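Quick notes on the structure that follows.
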Amino acid sequence: MVYMSRSLKWYENNKKIKIKSNINIGVLVLILIISILFIRLGNVLKSSRERGAFAYVQLLNLGMPIIESQVYDEGNYVENRLSLRNVSLEVLGLKNLSYKGIIQNEISFFCDINDEGTRSTFTFNPFQISEESISKLPVNNDSKNTKIYDASLKKQLDKSKPEILIYHSHTTENYNATEPESLNESTNVVGVGDVLSKELEENYGIAVLHDKTDHCISYNDSYTRSGETVDKYLKQYGDFKMIIDLHRDSVEDKALTTTEIYGMSAAKIMFVNAKNSTRYDKNKVLTEKVFAKTSELFPSLPIKILTYNRGKNAFNQSKSDGCMLFEIGSHTNTPEECKVTAECMARVIAEIINK
């Protein structure tokens, strides 16, 4: 009996130790998983190109609803995509879950498939071409020689009364996947605005004011600062036939923002309106007119008209019936692709103004 009692006692003590050990292991595993998720969260937030802390605002709204009803302004965050839902999906590795991603993860052969859905050819002894054997011809940058240009639309240029105002609320938006923000005008939206302005004036006789003021010194105040710029020109010149705020989008999948125009790679364009504009009805009519003409001349170029219920400062569209917001391409597009689109939009605008 004494032996059995000791055995039973040893068994119970050993069982407690095992249970305690299992609990400790479970806690350690849980802590490890949470730590990994927090590290992934930090990487997601650090790598994000977005400013405005939308996910943080949503978190505050969930915990303190009074903030949403008294302080939160929906218009400040309409352009932000880094929501709590998207952050959570990225942290868990589910953001870009698709059949293609799963197949590529499991079968390395398919990792060679590019964004256009084609697969490069495997070669063990690639053919080498000598530079001396290549006949090199200079690139013809004269847009008048493309099918985009229509000489019949050209009129006499009158610089005394500008018809178009082009500006950039987000001046530093850049066409470079590894450098999404830049003041380099040869690669950012300002450079695309230069092409649009030059095309309108030189090829179609439409006088343009292209403002290059950096409105992004404080990102959250960008539309306030650009609105002051628009007011300055309205006071000086009166109204314009079109006032264009030229942006670019932030779509990761380049295939969604790229097309081909007469054999040239071009960036697609999206138009944006705000319902809280006091001139929304007139803004909408003009946007739809430009969208329809773009679809007629270059069917694959326009994506859609995106209408927000509330835009930050109504995207300054309350200032004129002619206000428009263009999103040409994404940070994954090249400056060259976006400049082809600028040539297309110059033709579209000339069709509307000069006819």
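Because the structure is predicted, anything quoted here is derived from the model rather than measured. All residue numbers refer to positions in the sequence shown, counting from 1.
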Using the side chain to side chain contact (heavy atoms under 4.5 Å, CB included) rule, take Val208 and Glu163 through it: C-alpha gap first, then chi angles, then the decisive distance, then the call.
-> CA-CA 6 Å; Val208 179; Glu163 298 178 83; over 6 Å; no

Go through Val340 and Ser265 one step at a time and tell me if the side chain to side chain contact (heavy atoms under 4.5 Å, CB included) criterion holds.
-> CA-CA 8 Å; Val340 170; Ser265 185; over 6 Å; no

Yes or no on side chain to side chain contact (heavy atoms under 4.5 Å, CB included) for Asn333 and Thr341, after CA distance, side-chain angles and deciding distance?
-> CA-CA 11 Å; Asn333 286 105; Thr341 306; over 6 Å; no

Trace of the side chain to side chain contact (heavy atoms under 4.5 Å, CB included) decision for Leu297 with Val348 | CA-CA 8 Å; Leu297 297 174; Val348 169; 4.1 Å; yes

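Two residues are said to be in side-chain contact when any heavy atoms from C-beta on lie closer than 4.5 Å; Met242 and Val290 meet this criterion. Leu200 is listed as a side-chain neighbour of Ile349, based on a closest heavy-atom distance under 4.5 Å. Side-chain contact between Ile166 and Asp211 is absent, with no heavy-atom pair separated by less than 4.5 Å. Counting only heavy atoms from C-beta outward, the side chains of Val230 and Ser320 never approach each other to under 4.5 Å. At least one side-chain heavy atom of Glu185 sits under 4.5 Å from a side-chain heavy atom of Asn188. Using a 4.5 Å cut-off on side-chain heavy atoms (C-beta onward), Tyr308 and Asn276 make no contact. Residues Met264 and Ile148 meet the side-chain proximity criterion, which asks for heavy atoms closer than 4.5 Å. Counting only heavy atoms from C-beta outward, the side chains of Asp245 and Tyr167 approach each other to under 4.5 Å.
Scanning both residues, Ala267 and Leu301, for their nearest heavy atoms gives O-CD1, 3.4 Å. Closest approach of Thr332 and Lys254 over heavy atoms only: O-CD, 3.5 Å. The heavy-atom pair separating Ala274 from Phe315 by the smallest distance is CB-CD1, 3.7 Å. The minimum heavy-atom distance linking Thr187 with Pro335 is given by the pair CA-CG, 3.8 Å. Contact record, Ala207 with Leu157: N-CD1, 3.5 Å, taken as the closest heavy-atom pair. Here the closest non-hydrogen pair linking Cys338 and Gly329 is SG-CA, 4.5 Å.
The number of heavy-atom neighbours closer than 6.0 Å to NZ of Lys235, taken from other residues, nucleotides and ligands shown, is 12 or below. Within a 6.0 Å sphere centred on NZ of Lys289, heavy atoms belonging to other residues, nucleotides or ligands number 12 at most.
For Glu337 (side chain) and Thr334 (main-chain N/O), a donor-acceptor pair under 3.5 Å exists by modelled atom type. No donor-acceptor pair under 3.5 Å is formed between the side chain of Ser197 and the backbone N or O of Gly193. At least one donor-acceptor pair under 3.5 Å links the side chain of Ser318 to the backbone N or O of Thr278. Counting only distance, with no hydrogens or angles, the side chain of Ser226 and the backbone of Tyr223 share a donor-acceptor pair below 3.5 Å. Remark: side-chain polar atoms of Ser277 are paired, donor with acceptor, to backbone N or O of Arg279 under 3.5 angstrom. Checked by atom type and distance alone, the side chain of Gln317 never pairs as donor or acceptor with a backbone atom of Tyr280 at under 3.5 Å. The backbone N or O of Tyr204 sits less than 3.5 Å from a side-chain atom of Asn354, completing a donor-acceptor pair. Using a distance-only test at 3.5 Å, with no hydrogens or angles considered, a donor-acceptor pair links the side chain of Asn184 to the main chain of Ser186.
A cation-pi arrangement is not found for Lys154 relative to Tyr149, the charged atom failing to lie both closer than 6.0 Å to the ring centre and inside a 45° cone about the ring normal.
Here NE2 of His215 is found 7.0 Å from CZ of Arg225. Values are rounded to the nearest 0.5 Å. Taking NZ of Lys198 as the reference point, atom NZ of Lys339 lies at 10.5 Å (rounded to 0.5 Å). Here the straight-line distance linking atom CG of Leu165 with atom NZ of Lys241 works out to 14.5 Å at 0.5 Å rounding. With rounding to the nearest 0.5 angstrom, the CG atom of Asp239 is 12.0 Å from the NZ atom of Lys319. The OG1 atom of Thr294 sits 6.5 Å away from the CD1 atom of Ile269 when rounded to the nearest 0.5 Å. To the nearest 0.5 Å, the span separating OG on Ser222 from CG on Asn313 amounts to 10.0 Å.
Between Glu288 and Lys284 there is a salt bridge, since a side-chain N of the basic residue sits under 4.0 Å from a carboxylate O of the acidic one. A salt bridge links Asp194 to Lys212: one of the charged nitrogens lies within less than 4.0 Å of a carboxylate oxygen. We find that Arg347 and Glu199 are not joined by a salt bridge, their nearest charged nitrogen and carboxylate oxygen being 4.0 Å or further apart. Using a 4.0 Å cut-off between a side-chain N of Lys or Arg and a carboxylate O of Asp or Glu, Lys232 and Glu228 do not qualify as a salt bridge.
No path of Ile, Leu, Val, Met, Phe, Trp and Tyr side chains, each step under 4.5 Å between heavy atoms, connects Phe291 with Val285, placing them in separate hydrophobic clusters. Note: the hydrophobic cluster containing Ile328 also contains Phe298 (ILVMFWY, side chain heavy atoms under 4.5 Å, direct or indirect links). Cluster membership for Phe326 and Ile303, using ILVMFWY side-chain heavy atoms within less than 4.5 angstrom, is not shared. The cluster map of Ile, Leu, Val, Met, Phe, Trp and Tyr, joined by side-chain heavy atoms under 4.5 Å apart, puts Leu325 and Ile244 in different clusters. There is a path of hydrophobic side-chain contacts, each under 4.5 Å, that joins Met324 to Leu196.
Here the rule is side chain to side chain donor-acceptor pair (under 3.5 Å) with His168, and of Arg248, Glu173, His210 only His210 fits it.
Residues Ser330 and Thr257 bring no donor and acceptor atom of their side chains to less than 3.5 Å of each other. Donor-acceptor pairing under 3.5 Å is recorded for the side chains of Asn203 and Ser143. Ser182 and Asn176 share no side-chain donor-acceptor pair at under 3.5 Å.
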